[in-house]
Protein chains: 2
Amino acid sequence: MTYNYNYPRPALTVDCIVFGLDAELDLKIMLIKRDISPFQGQWAIPGGFVRMDETLEQAALRELQEETGIQDVYLEQLYTFGDLGRDPRDRTVTVAYYALINLVDQKIQAATDAREADWFPLSTIPQLAFDHNQILQTAITRLRSKIRYEPLGFELLPKKFTLSQLQKLYETVLDRPLDKRNFRKKILSMDLLIDTGTVEQNVAHRAAKLYQFDENKYSQLKRNGFNFEI
Amino acid sequence: MTYNYNYPRPALTVDCIVFGLDAELDLKIMLIKRDISPFQGQWAIPGGFVRMDETLEQAALRELQEETGIQDVYLEQLYTFGDLGRDPRDRTVTVAYYALINLVDQKIQAATDAREADWFPLSTIPQLAFDHNQILQTAITRLRSKIRYEPLGFELLPKKFTLSQLQKLYETVLDRPLDKRNFRKKILSMDLLIDTGTVEQNVAHRAAKLYQFDENKYSQLKRNGFNFEI
DNA sequence: GCAAAAGTGTTGTTGGTACACCCATGC
DNA sequence: GCATGGGTGTACCAACAACACTTTTGC
């Protein structure tokens with residue numbers, strides 16, 4: 001077909017699944033209570049319209065900043081949803097992203113612009129506005145498969161973390177137990193963790209070593225064909 | 001932010017990378033010569049505007065049908081591109097898809113609506129309109145990684161194929177040689193190929209057995225946690 | 001001294017890789 | 001009979017899985 005700019009256009013939004021890992025290593029997502037119709041009073045994931053002068057990623061980052069105060073976050077495009085009935089008022093296509101953050105490092109205040117917002121554990125997600133439950137499901141599936149071959153886990157943990165925390169995170173996301181010795185052997189053999197020389201504080205048992213992910217080394221190895229894998 | 005439907009909207013298109021495998025097992029993509037501005041006379045991938053009454057996937061299928069005559073094709077969403085300068089005339093966001101077909105089975109006529117269209121081997125892709133080279137690069141990367149853990153290869157081959165054809169396809173896409181005995185051992189051990197009992201015809205050497213991919217068995221195994229992998 | 005989590009090696013099994021020759025067919 | 005690709009097995013090695021006890025620390 002030929003280009004013709006006078007056809008009616010679908011509305012275009014971005015929406016964002018924000019995964020946050022709390023101090024107890026529980027994985028949560030941020031939801032916002034809608035204060036207007038449609039789906040007034042229902043929970044939804046943060047998002048909003050794409051402006052003419054910003055890229056899709058810029059729009060997602062801006063909405064996150066405006067609605068949740070989140071900044072400097074790992075963000076990745078997830079999928080674009082465009083089914084006909086997904087917005088009851090208008091034809092709306094949304095480009096979904098997902099973000100990964102650590103709730104201890106960032107101290108996100110859930111509600112910044114007076115709207116109600118909160119973190120929900122994955123086990124207690126209510127019915128969401130629009131097709132947001134479907135978007136969430138897609139995000140969980142993506143996270144679950146991608147964390148096995150990309151070092152996404154370190155985006156969810158604090159900068160310095162113990163091997164047990166890392167293992168527990170993988171067990172949470174992959175939803176199955178992992179053998180402690182084998183896990184440590186595998187992770188340490190990749191030689192991508194820097195021993196910070198410090199240990200965790202204020203624990204009622206032997207203090208664990210704190211490690212940091214070596215991003216520089218990883219991106220160098222990756223260029224040479226190395227594949228991260230758990 | 002609140003919903004407001006009166007903001008100006010970006011134009012929304014779908015574009016599609018069509019991978020086709022020819023009789024010589026060369027991987028090609030379909031390009032169409034643009035007959036209007038912008039990028040008039042340059043090659044581009046098929047695509048066009050999303051209508052208000054069709055989903056994104058329906059739009060991609062319709063454009064493929066209109067511009068290339070292709071029907072009944074494996075189609076998957078690739079990525080959504082929305083950089084500001086990608087269309088010189090207007091803000092345009094495109095949802096890119098990729099399709100996989102076999103050129104022998106389907107006998108695609110490249111040009112159906114009088115416009116010039118042709119199949120290009122990946123080694124001789126010209127400079128394309130818009131950001132279509134970038135989209136193509138993304139599609140090649142996706143195909144290369146996904147063919148290793150999803151049975152995409154069978155979408156590119158004819159329904160009945162020999163093990164050598166399958167191996168050559170994998171060598172083409174992965175861009176490295178594979179060991180014949182190990183490849184056969186691996187593939188046959190998954191027990192997903194049906195021996196059709198027939199052999200290829202008119203070859204000047206020992207005729208190879210023809211196999212078919214067992215889709216039913218695969219989707220059943222997949223539900224039980226089986227992972228295809230080459 | 002006890003509770004709680006950190007840390008550490010070995011063995012058996014499985015799957016990957018490397019590798020070379022005979023077979024069937026058409027001409 | 002020769003050229004062409006089809007088809008087959010074994011041996012070595014690396015990675016994975018299973019598994020239990022000692023160490024450190026705070027109380």
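Every chain is numbered from 1 and lettered A, B, ... according to where its sequence line falls, protein lines coming before strand lines.
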Supply the atom-to-atom distance L100(A) CG to L156(A) CG, rounded to the nearest 0.5 angstrom.
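Reported to 0.5 Å precision, the distance equals 4.5 Å.
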
To the nearest 0.5 angstrom, please state how far the OG1 atom of T138(B) sits from the CZ atom of R142(B).
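It comes to 8.5 Å.
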
Can you pull the side-chain hydrogen bond (donor to acceptor under 3.5 Å, both in side chains) pairs that have at least one residue in residues 192-201 of chain A, sequence neighbours excluded?
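Counting only pairs at least two positions apart or across chains, the side-chain hydrogen bond (donor to acceptor under 3.5 Å, both in side chains) contacts touching residues 192-201 of chain A are D195(A)-K209(A), T196(A)-T198(A).
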
Applying side-chain hydrogen bond (donor to acceptor under 3.5 Å, both in side chains) as the test, list every pair that has at least one member in residues 162-171 of chain B; sequence neighbours left out.
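Qualifying pairs: S164(B)-R184(B), Q167(B)-E171(B).
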
Could you note down all residue pairs passing salt bridge (Lys or Arg N to Asp or Glu O under 4.0 Å) where residues 220-230 of chain A supplies at least one of them, sequence neighbours left out?
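Passing the test, one end in residues 220-230 of chain A: E150(A)-K222(A).
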
Sequence neighbours excluded, which residues qualify as salt bridge (Lys or Arg N to Asp or Glu O under 4.0 Å) partners of K33(B)?
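Salt bridge (Lys or Arg N to Asp or Glu O under 4.0 Å) check on K33(B) returns E116(B).
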
Can you sort out the partners of D214(A) under salt bridge (Lys or Arg N to Asp or Glu O under 4.0 Å), two or more places apart, ordered by chain and number?
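If we apply the salt bridge (Lys or Arg N to Asp or Glu O under 4.0 Å) test to D214(A), skipping adjacent residues, there are no hits.
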
Can you name the residues that form a side chain to side chain donor-acceptor pair (under 3.5 Å) with Y149(A), not counting sequence neighbours?
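Testing Y149(A) for side chain to side chain donor-acceptor pair (under 3.5 Å), a comparison that skips the adjacent residues, returns none.
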
Note the angle between the end axes of the helix from dG1(C)-dC27(D) to dC27(C)-dG1(D), five pairs defining each, rounded to 10 degrees.
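Both end axes considered, the difference amounts to 0°.
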
Distances under 3.5 Å between protein N/O atoms and the N/O atoms of nucleotides 1-6 of chain C, please, pair by pair.
| residue | atom | partner | partner atom | Å |
| --- | --- | --- | --- | --- |
| dA6(C) | OP1 | S164(A) | OG | 2.8 |
| dA6(C) | OP2 | S164(A) | OG | 2.9 |
| dA6(C) | N7 | K180(A) | NZ | 3.4 |

What pairs of donor and acceptor atoms, side-chain ones from residues 174-181 of chain B against any protein atom, are under 3.5 angstrom apart with sequence neighbours left out?
| residue | atom | partner | partner atom | Å |
| --- | --- | --- | --- | --- |
| D179(B) | OD2 | R181(B) | N | 3.2 |
| D179(B) | OD2 | N182(B) | N | 2.9 |
| D179(B) | OD2 | N182(B) | ND2 | 3.3 |

F120(B): ring-ring contact (aromatic ring centres under 6.0 Å, His included) partners, not counting sequence neighbours
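W43(B).
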
Using the heavy-atom set of chain B and a strict 4.0 Å cut-off, write down the first and last nucleotide of DNA chain D that makes it in, 5' to 3'.
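Going 5' to 3' along DNA chain D, contacts run dT4(D) to dT10(D).
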
Are the ring centres of F39(A) and F130(A) closer than 6.0 Å?
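Ring centroids of F39(A) and F130(A) are less than 6.0 Å from each other.
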
Identify whether the distance between the nearest side-chain nitrogen and carboxylate oxygen of K28(B) and D118(B) falls below 4.0 Å.
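Result for this pair is no, no salt bridge flagged.
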
Would you give a per-nucleotide map of nucleotides 10-18 of chain C, 5' to 3', where B means the base has a protein non-hydrogen atom under 4.0 Å away, S means only the sugar-phosphate does, and - means neither?
B-----SBB

